[in-house]
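No experiment lies behind these values; they were computed from the predicted model shown. Chain identifiers are assigned alphabetically (A, B, ...) following the order of the sequence lines, protein sequences preceding nucleic acid strands; residue numbering begins at 1 within each chain.
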2 protein chains.
Amino acid sequence: MTTQQQFYKSLKTLLDKMQLLDQAEMQTKLADFKPAEVHTIQYIGQHIGANVTAIAAGMYVTRGAVSKMTKRLIRRELIEKYQSAENKKEVYFRLTAAGQKVYEQHEAMDRQHDKRDQVVFDSADPKQIAGTLQFLQAYNDHLDHELQRTKQGD
Amino acid sequence: MTTQQQFYKSLKTLLDKMQLLDQAEMQTKLADFKPAEVHTIQYIGQHIGANVTAIAAGMYVTRGAVSKMTKRLIRRELIEKYQSAENKKEVYFRLTAAGQKVYEQHEAMDRQHDKRDQVVFDSADPKQIAGTLQFLQAYNDHLDHELQRTKQGD
DNA sequence: CATATTTTGTTTCTTTGTCAACAAAATTAA
DNA sequence: TTAATTTTGTTGACAAAGAAACAAAATATG
């Protein structure tokens with residue numbers, strides 16, 4: 001296996017495992033809400049005033065997916081939609097009080113996960129961590145360019 | 001944003017972007033096959049003799065998902081199922097000639113992706129890459145322990 | 001300004017996966 | 001060995017996301 005393949009596999013399984021752990025906890029602590037609902041609430045909470053297209057781009061899903069999910073969250077009174085006077089096409093969202101509560105519960109869970117994995121960061125060489133972040137950033141930048149290229153090139 | 005949060009976000013978006021790029025290419029080069037079909041063919045090609053449960057564990061999906069997907073691949077004559085004399089309960093799979101062809105096409109694509117991203121590995125300090133792999137491995141090991149713990153603990 | 005083009009959001013249909021219930025086989029316990 | 005338990009694979013109902021077609025609004029172009 002090449003270094004690249006090893007890197008990819010490590011990355012992939014790491015996230016798979018995180019998701020497995022997170023999901024198990026979510027089912028107990030936020031049982032009334034589907035993972036995708038919580039995920040969307042989190043994104044809206046962190047990006048107030050984002051429209052459907054922006055949320056879709058940020059979450060790497062289609063606008064259709066966001067449209068459906070926000071509709072559901074509105075029905076469940078976890079978010080509100082609003083529009084501006086200048087632009088009657090775009091739709092923006094904000095959390096309701098109930099949504100804010102879910103948001104905060106999820107944030108608390110996130111901090112709990114950070115604590116759970118703190119030992120990994122504590123026992124690693126700070127230089128190694130910094131190097132890892134730097135490498136991930138470089139890879140991300142490269143893929144941004146590639147995505148840009150495919151958008152134009154085809 | 002803490003280092004951990006930064007790390008997680010980088011990881012997540014990196015894989016999102018990879019998937020975006022890969023999917024676009026798959027739709028042109030392996031248009032007759034759905035992404036999940038190709039993915040399963042790849043796993044079976046790399047793990048000959050794996051049963052449903054093993055495939056599910058390896059791909060981080062449920063046995064139900066594997067059962068349905070393998071059924072479809074058998075119908076499309078891309079894989080074959082077989083059983084052993086010793087164990088009449090477990091079901092194993094192997095690629096047909098047609099499946100092998102898809103497998104090889106996908107492997108070729110993978111090598112192409114490696115080439116596409118080679119520049120990232122070439123321009124990074126080898127020590128940084130090694131450190132990154134090491135850190136990812138340490139994190140993976142930690143999560144394996146955590147998963148073990150939750151399986152016992154609840 | 002008027003028209004063509006693009007952007008934005010929604011909807012329908014399809015794909016993919018989970019969960020839970022189940023039957024058959026294998027394993028463990030009595 | 002027989003009975004209880006666990007493992008394995010399958011199925012049906014349902015959840016979530018993608019793709020494509022569409023209408024309304026905004027923007028660009030002549």
K.L.:
Any side-chain N or O of B/Lys68 under 4.0 Å from OP1/OP2 of D/dA13?
P.N.:
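For B/Lys68, the contact criterion (side-chain N or O under 4.0 Å from OP1 or OP2 of D/dA13) is not met.
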K.L.:
What is the distance, rounded to the nearest whole Å, between atom CG of A/Leu73 and atom C1' of C/dG9?
P.N.:
16 Å
K.L.:
Does B/Ala54 or A/Lys88 map to a spot on DNA chain D nearer the 5' end, using the closest nucleotide for each?
P.N.:
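Of the two residues, B/Ala54 wins.
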K.L.:
Under 6.0 Å between ring centres: does that hold for B/Tyr43 and B/Tyr103?
P.N.:
no
K.L.:
For B/Thr62 and C/dT18, is the shortest distance between a side-chain N/O and OP1 or OP2 below 4.0 Å?
P.N.:
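Yes, within the criterion.
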K.L.:
Just how far, in rounded Å, is C1' of C/dA20 from CZ of B/Arg63?
P.N.:
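Rounded to whole Å, this separation is 11 Å.
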K.L.:
In whole angstrom, give the distance that lies between atom CZ of B/Phe33 and atom P of C/dT14.
P.N.:
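In whole Å, C/dT14 P and B/Phe33 CZ are 20 Å from each other.
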K.L.:
Is the shortest side-chain N/O distance from A/Gln83 to OP1 or OP2 of C/dG9 below 4.0 Å?
P.N.:
no
K.L.:
Could you check B/Gln23 against B/Thr70 and say which one's nearest nucleotide on DNA chain D is further toward the 5' end?
P.N.:
B/Thr70
K.L.:
If the cut-off is 4.0 Å, is A/Asn87 near the phosphate of D/dA26, judged by side-chain N/O to OP1 or OP2?
P.N.:
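Result: yes.
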K.L.:
Can you confirm whether or not the ring centre of B/Tyr82 sits under 6.0 Å from the ring centre of B/Phe93?
P.N.:
no
K.L.:
Where each residue is assigned the nucleotide of DNA chain C containing its nearest heavy atom, which of B/Glu86 and A/Lys89 is assigned the position nearer the 5′ end?
P.N.:
A/Lys89
K.L.:
Please work out if A/Lys71 contacts a base, only the sugar-phosphate, or nothing of the nucleic acid, heavy-atom cut-off 4.0 Å.
P.N.:
sugar-phosphate
K.L.:
D/dG9 phosphate, OP1 or OP2: any side-chain N/O from B/Asn51 under 4.0 angstrom?
P.N.:
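Yes, within the criterion.
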K.L.:
What is the distance, rounded to the nearest whole Å, between atom CZ of B/Arg75 and atom P of D/dT11?
P.N.:
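The answer, rounded to whole Å, is 11 Å.
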K.L.:
Can you identify which nucleotide, out of C/dT10, D/dT8, C/dG17, has its nearest atom closest to the B/Ala65 side chain?
P.N.:
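The answer is C/dG17, which lies nearest to the side chain.
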K.L.:
Is the shortest side-chain N/O distance from B/Lys34 to OP1 or OP2 of C/dG17 below 4.0 Å?
P.N.:
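So the side-chain polar atoms of B/Lys34 never come under 4.0 Å of the phosphate oxygens OP1 or OP2 of C/dG17.
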K.L.:
Is B/Tyr92 touching bases, backbone alone, or none of the nucleic acid, heavy atoms closer than 4.0 Å?
P.N.:
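Counting heavy atoms under 4.0 Å across all strands, no contact is made by B/Tyr92.
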K.L.:
Please give me the minimum heavy-atom distance between A/Ile55 and A/Ala50, naming the atom from each residue.
P.N.:
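Looks like CG1-CB, 3.8 Å.
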K.L.:
Give the rounded distance in Å between these two atoms: NZ of B/Lys81 and P of D/dG9.
P.N.:
9 Å
K.L.:
Do B/Leu15 and B/Met59 share a hydrophobic cluster (ILVMFWY, side-chain heavy atoms under 4.5 Å, transitive)?
P.N.:
no
K.L.:
Give one of base, sugar-phosphate or nothing for A/Ala36, where a contact means two heavy atoms less than 4.0 Å apart.
P.N.:
sugar-phosphate
K.L.:
Which whole-number value in Å describes the distance from B/Asp32 CG to C/dT14 P?
P.N.:
18 Å
K.L.:
Does A/Arg72 make a side-chain N or O approach to OP1 or OP2 of D/dA16 shorter than 4.0 Å?
P.N.:
yes
K.L.:
Are A/Val61 and B/Leu11 connected in a single hydrophobic cluster, I mean Ile/Leu/Val/Met/Phe/Trp/Tyr linked by side-chain heavy atoms less than 4.5 Å apart?
P.N.:
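No; tracing contacts between hydrophobic side chains, which count when under 4.5 Å, never links both residues.
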K.L.:
Pick the nucleotide of DNA chain C nearest each of A/Phe93 and B/Met59; which residue has the one closer to the 5' end?
P.N.:
A/Phe93
K.L.:
So that I know where these two stand, are A/Phe135 and B/Phe135 an aromatic pair - ring centroids less than 6.0 Å apart?
P.N.:
no
K.L.:
For A/Met26 and D/dA16, what is the distance between atoms CE and P respectively, to the nearest whole Å?
P.N.:
10 Å
K.L.:
For B/Glu37 and C/dG17, give me the distance from atom CD to atom P, rounded to whole Å.
P.N.:
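Going from CD in B/Glu37 over to P in C/dG17 covers 10 Å.
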K.L.:
Does D/dT11 have OP1 or OP2 under 4.0 Å away from a side-chain N or O of B/Ser67?
P.N.:
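False: B/Ser67 side-chain N/O out of range (4.0 Å or more) of D/dT11 OP1/OP2.
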